[in-house]
Amino acid sequence: MTTFSLFRSMLRIRRIEEAIAERYGAQEMRCPVHLSIGQEAVAVGVCAALQPQDGVFGGHRAHAHYLAKGGDLTAMLAEIYGLENGCCRGVGGSMHIIDLAAGFLGAVPIVGATIPLAVGAAWAAKLRNEDKVIVVFFGDGTFEEGVVHESINFAVLHRLPVLFVCENNLYACYTRLSERQPDRPIHAIAAAHGCRIFTAEGDDVEAVHAASRMAVADLRAGGAPVFLECSTYRWREHCGPNQDDHLGYRPSGELAKWESTCPVSRLASTLSSSPEGARLVAAAEAEIAGEIASAFAAALASPVPQPADLPGYLYA
Amino acid sequence: MTTFSLFRSMLRIRRIEEAIAERYGAQEMRCPVHLSIGQEAVAVGVCAALQPQDGVFGGHRAHAHYLAKGGDLTAMLAEIYGLENGCCRGVGGSMHIIDLAAGFLGAVPIVGATIPLAVGAAWAAKLRNEDKVIVVFFGDGTFEEGVVHESINFAVLHRLPVLFVCENNLYACYTRLSERQPDRPIHAIAAAHGCRIFTAEGDDVEAVHAASRMAVADLRAGGAPVFLECSTYRWREHCGPNQDDHLGYRPSGELAKWESTCPVSRLASTLSSSPEGARLVAAAEAEIAGEIASAFAAALASPVPQPADLPGYLYA
Amino acid sequence: MPEIERRITQAEAIREALAQAMEEDERVIVIGEGVPDPKGIFGTTTGLQQRFGKARVFDSPLSENGITGICVGAAISGMRPVMVHQRIDFALLAMDQIVNNAAKWHYMFAGQVKVPLVIRVIIGRGWGPGPQHAQSLQALFAHIPGLKVVMPTSGYDAKGMLLAAIRDDNPVIFIEHRWLQDIADHVPEAPYIVPLDQALICRPGQHVTLAAFSYMTVEARLAAEALAEHGIEVEVVDARSVRPLDMSTIVESVRRTGTLIVADTAWKTGGIAGEVIAGVAETAFSALKRPPLRICLPDIPAPTSPHLTRGYYPDALYLARAIAAHLGRSIPDAELADRLFRTTPHDVPQREFRGPF
Amino acid sequence: MPEIERRITQAEAIREALAQAMEEDERVIVIGEGVPDPKGIFGTTTGLQQRFGKARVFDSPLSENGITGICVGAAISGMRPVMVHQRIDFALLAMDQIVNNAAKWHYMFAGQVKVPLVIRVIIGRGWGPGPQHAQSLQALFAHIPGLKVVMPTSGYDAKGMLLAAIRDDNPVIFIEHRWLQDIADHVPEAPYIVPLDQALICRPGQHVTLAAFSYMTVEARLAAEALAEHGIEVEVVDARSVRPLDMSTIVESVRRTGTLIVADTAWKTGGIAGEVIAGVAETAFSALKRPPLRICLPDIPAPTSPHLTRGYYPDALYLARAIAAHLGRSIPDAELADRLFRTTPHDVPQREFRGPF
Ligand SMILES: Cc1ncc(C[n+]2csc(CCOP(=O)(O)OP(=O)(O)O)c2C)c(N)n1
Ligand SMILES: Cc1ncc(C[n+]2csc(CCOP(=O)(O)OP(=O)(O)O)c2C)c(N)n1
Ligand SMILES: [Mg+2]
Ligand SMILES: [Mg+2]
């Protein structure tokens with residue numbers, strides 16, 4: 001995976017989420033949305049290390065993971081709009097997305113809920129002798145759920161091909177890490193459980209990618225489960241399209257500091273230092289803008305889903 | 001606490017549980033019992049480091065903890081017999097015991113269930129500025145429950161005066177540790193959570209006691225929560241009065257090895273090496289036998305409890 | 001009586017009750033994910049930490065079972081914790097501590113230890129919360145001996161019942177509905193108590209008893225007003241409590257009206273609406289002049305899309321139609337529809353609602 | 001037909017079903033705390049690991065929520081896990097994964113993913129299990145759309161329904177009763193299926209419909225036999241499934257008998273007995289000639305002492321008395337008591353039972 005394609009994938013996710021934020025005010029996406037703006041490098045760096053047959057699970061903040069794994073953009077947007085062509089036909093909305101063809105195995109908003117599922121999927125892969133790595137993304141807050149420890153214990157016990165990716169953005173909703181956890185590294189607990197550990201600055205996509213490649217290679221070779229902790233930062237409000245620095249729950253200057261190390265624009269500047277690079281960046285912006293415009297148009301052209309179909313989804 | 005009194009407390013618990021085992025076959029103790037025979041040194045070593053105002057919680061295997069903390073013997077026996085003078089008036093049986101006067105704050109059989117309660121009691125003590133340490137005993141298997149990690153995280157975060165005592169007897173029911181957990185120390189996970197760690201050979205009551213004294217002193221001085229892991233071994237079946245080595249779930253010779261380091265008889269021999277010590281040991285045996293006989297008699301003299309009283313226990 | 005003019009929202013009423021409880025009893029502490037944050041649990045806890053300090057108002061790690069157990073531990077040690085889940089769905093993680101410990105600790109030890117614990121849980125919806133964030137799980141708690149379970153509707157009751165719950169020596173599951181939080185009501189400032197075990201006849205009527213739970217009471221009253229214009233007098237009973245159910249108020253009402261309809265915010269099968277019907281059928285069978293009827297959610301999880309939630313939640317119009325049909329009364333549907341047509345979008349509590357949750 | 005002579009216990013029937021399911025489908029795996037241990041979950045899993053290997057039969061860490069989620073993850077990845085809790089009380093730790101994920105995964109994703117998962121849970125008692133180890137929590141699962149919930153009584157049904165549950169593509173909560181495990185029944189060796197949604201009329205009768213769940217069916221049949229001698233013909237319906245409830249079999253029976261009594265192993269308030277009554281009252285009100293009646297546990301947790309459990313669990317004698325009284329029939333009590341007097345101690349399933357659980 002070239003630096004440029006890592007960059008392009010991040011840029012695409014950034015622009016898609018910005019577009020969602022911009023259109024959210026129109027009151028047509030009638031469900032909660034949790035944006036990853038600022039955190040794209042983790043999703044992209046990890047997923048770029050995966051093969052199509054590998055599986056990914058996410059949580060409430062999963063757009064970036066879905067897109068980075070190759071999830072269908074139009075289906076995601078249609079889902080957020082609650083339309084029939086949505087990836088869950090409108091049953092789920094932003095917090096429930098899935099694209100089985102792309103190996104995005106599902107995201108749901110109960111925090112921690114998909115972590116044992118990822119371990120179970122990895123267990124199935126091992127029992128069936130499939131060459132498959134399973135990744136699950138979750139936040140620093142989610143690590144406080146007991147089920148995470150239960151899941152890690154089982155994964156290490158059975159040496160399953162699972163990569164736990166903790167996106168430590170310092171907050172759970174509006175609550176800072178220090179109000180929820182003592183001052184010690186999250187990954188040290190995973191290490192004590194017997195995971196192999198990697199850490200990366202989550203605003204450096206190449207660092208995340210390098211760590212992920214090693215991790216995934218380890219897992220394919222039958223190594224112990226890997227826990228990757230990435231420092232990162234959410235720029236917008238916990239849930240919804242807006243800025244929220246005025247609420248005062250972040251120390252002043254913190255957001256600005258993280259914005260200054262924006263994974264997307266830093267890489268854009270680097271790439272743009274050559275004229276060829278600058279051209280590529282500009283072209284990417286243009287292509288992505290076009291793709292987004294058509295995806296929104298296609299999504300909005302979807303028929304509306306029918307309540308009468310709901311009972312049919314309940315049982316297989 | 002002198003070596004002799006540590007010994008005497010262990011001997012007393014051993015003889016009480018042997019008496020329970022012996023009488024269990026009469027079919028009059030009609031509830032599950034989980035004996036601590038072989039594990040007495042942990043209960044005794046820890047509780048001997050406590051003050052009366054300190055609190056202790058246990059789990060399904062709690063006779064030793066209750067007795068070591070000074071719980072009323074007759075009330076416990078009456079409870080196992082399901083009689084009105086039982087410590088729960090027969091509502092609880094062996095798996096639910098309590099003696100508030102002695103600071104034994106309760107034991108219940110859902111594994112892990114009392115661990116957050118202990119943290120909550122320690123939290124209350126801290127909020128109320130009480131000079132109180134809270135101890136909770138649990139097994140190696142219990143450590144697999146997610147709630148344990150949630151509890152430790154909160155305790156460390158708020159720096160609560162709680163001592164977590166893990167009695168690692170290598171088994172949960174008939175399942176060996178290696179079938180349930182990867183090969184890494186349990187206490188290392190607690191350390192990563194930020195607990196202060198002590199370990200002790202659980203068949204050496206003086207070692208347990210020494211560690212506990214340091215731990216409790218730390219906690220009284222406002223130190224971080226402590227996690228004490230003791231290696232130990234259950235001699236009888238998981239639940240019930242019998243030997244069960246014939247079932248073949250333990251490697252052969254393992255039980256014999258642990259029996260050979262019996263915390264009670266090792267100390268008995270040491271003490272008996274002087275004539276004065278031998279006299280004391282013999283006297284203790286005699287006194288304890290007498291106490292047990294009268295306690296059983298007193299317990300069995302209890303009236304039977306009345307079902308009509310039950311609804312009154314439901315709500316305060 | 002200038003008091004009578006004082007109208008505040010239910011969220012404010014809850015916040016006031018919390019503040020007054022903390023003022024009158026220093027053992028009261030408040031904890032939950034987001035309690036001291038800028039959003040303050042939909043405004044119900046805003047400002048409490050500033051006022052009562054960090055030693056009594058706590059944020060919480062994301063550890064529902066652990067924190068519940070920790071609160072049980074604090075409660076049996078003399079504190080009076082009030083904890084809160086922003087969604088009842090999260091309480092599923094804590095069922096072990098709620099059912100195995102909180103509900104039974106007093107009983108298991110034959111009454112030696114009290115568990116004065118309040119667990120606030122919020123049901124209902126912003127928009128599009130979907131299958132995992134919009135459940136109405138009162139039936140799961142209603143089945144458990146040892147718990148008290150209440151579902152106030154009015155702001156007045158929310159304050160009075162929360163104060164009663166906090167003063168109660170038992171674990172109380174206090175169920176709030178998201179759509180009630182912004183409704184204003186007359187709420188006296190001075191502390192007062194509303195009992196935890198009494199239903200309220202909030203509109204008398206002789207033709208049919210409509211027992212409603214929580215937000216359904218709001219829709220029930222609207223339906224009743226509309227039907228009154230057509231000569232159907234609906235007695236609306238705000239059940240208010242779920243465990244214990246105040247069956248005697250409901251049964252007496254049914255003895256007067258001969259007809260029982262129950263409206264609940266939850267799925268029909270296995271819900272508390274069925275419990276109300278079973279209780280009446282067992283104890284006042286001869287009072288029933290016709291079959292009882294449940295009006296509940298269909299037996300499927302809540303979907304997210306507004307196109308799919310349309311029709312999922314029974315509203316006043318649905319109730320009015322169903323009641324008229326059940327009584328065999330034909331009312332020109334256009335008139336009902338006209339009267340009860342909801343001009344606010346069906347998926348938001350107030351027109352001003354702008355998301356995101 | 002030598003088959004007809006083959007009688008095995010319910011525990012053996014369950015073990016046989018597991019073995020046959022594993023044989024016919026290699027995706028079937030079995031996991032649970034103690035599954036491969038010498039006690040083998042009351043004998044229901046003994047020998048399976050020896051036969052099918054460590055790659056398909058697993059012990060489990062004590063991590064109920066985690067393991068449930070792991071099994072959901074395996075199920076959506078093409079395996080067909082069967083997991084087991086030795087007591088339903090432990091499943092409370094897993095309510096999050098059961099209710100939020102297992103029950104909804106197929107629905108949330110609009111039918112794209114199946115969850116073929118069986119969760120075996122054991123209710124009932126040895127002796128003295130007490131408040132935390134003897135709950136009958138079927139009502140908690142019965143309320144949840146997306147789950148199937150069954151409670152077979154006979155060994156025949158246990159095998160056939162377990163095979164059906166394992167072949168089913170949905171999450172099934174399979175509830176076994178400790179007191180049924182040692183009862184022998186005619187159980188054919190070859191694999192067969194008993195549907196997951198059909199009640200069974202196991203004794204016809206024209207005077208009263210007695211719908212019973214799980215072990216209560218055993219007591220119900222004894223009561224029915226005794227009452228028959230006094231001219232009361234009880235139709236005993238073994239409900240067998242809880243979700244979906246086979247209401248049409250029950251309703252048809254009530255249409256014949258005019259009287260409905262429901263016997264459940266659980267607490268009365270908020271239990272499934274109420275659901276049965278509500279369903280019948282709603283849909284076949286006019287068939288009811290007298291009030292329906294529930295016979296359930298009192299609304300308090302199980303105590304431990306045998307002195308306290310006496311009278312806690314309604315038995316055949318209790319049922320017979322209650323039925324006769326409900327029908328207004330006076331039967332000399334001594335005769336009933338004589339016929340139904342239990343010579344085995346009331347707190348053990350069989351005379352040979354020696355503890356400890
Ligand atoms: C079990 C559960 N508890 C609480 C919530 C409410 N909630 C949604 S997101 C969130 C914070 C998650 O924090 P983190 O894991 O750090 O992820 P981030 O939002 O920072 O990406 C919380 C508490 C939930 N969805 N599920
Ligand atoms: C939540 C829960 N799951 C399972 C059980 C059944 N159970 C009782 S004791 C026990 C083993 C506990 O092992 P450990 O913690 O090591 O304690 P030990 O018995 O060895 O003292 C189990 C699984 C239970 N009581 N509670
Ligand atoms: Mg975070
Ligand atoms: Mg152990």
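Chain identifiers are assigned alphabetically (A, B, ...) following the order of the sequence lines, protein sequences preceding nucleic acid strands; residue numbering begins at 1 within each chain. The basis for the numbers below is simple: all heavy atoms, side chains too, and nothing from hydrogens, waters or symmetry mates.
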- request: State, to 0.1 Å, how close A/Asp54 and A/Lys69 come at their nearest heavy-atom pair, and which atoms those are.
  value: O-NZ, 2.9 Å

statement: Among residues 161-173 of chain D, those lying within the under-4.5 Å heavy-atom range of chain A are D/Asp169, D/Asn170

- prompt: If you check every heavy atom in residues 125-149 of chain A against those of chain D, which residues fall under 4.5 Å?
  reply: A/Leu127, A/Arg128, A/Val147

field: Proximity breakdown for D/Gln97 and chain A, heavy-atom pairs closer than 4.5 Å
entry: side chain

- request: Sort D/Val113 into side chain, backbone, both or neither according to what part of it lies under 4.5 angstrom from a heavy atom of chain A.
  value: side chain

- prompt: By a 4.5 Å heavy-atom criterion (distance strictly below it), what part of D/Asn101 contacts chain A: side chain, backbone, both, or neither?
  reply: side chain

- prompt: Heavy-atom distance under 4.5 Å to chain D: side chain of A/Leu105, backbone, both or neither?
  reply: backbone

statement: Most heavy-atom pairs under 4.5 Å with chain D, out of A/Val108, A/Val119, A/Ile115, belong to A/Val108

- prompt: Which answer fits D/Ile29, side chain, backbone, both or neither, if we ask what part of it has an atom under 4.5 Å from a heavy atom of chain A?
  reply: side chain

D/Glu26 portion near chain A, given a 4.5 angstrom heavy-atom threshold: neither

- prompt: In terms of side-chain geometry, is the basic nitrogen of D/Arg51 or D/Glu23 positioned less than 4.0 Å from the acidic oxygen of its partner?
  reply: yes

task: Below 4.5 Å from any heavy atom of chain A, which atoms of D/Pro61 appear? Answer side chain, backbone, both or neither.
output: side chain

query: Can you name the nearest heavy-atom pair linking D/Phe109 to A/Ala107, along with the distance?
result: CZ-O, 3.7 Å

- prompt: Under a 4.0 Å N-O cut-off, is there an ion pair linking D/Asp238 with D/Arg240?
  reply: no

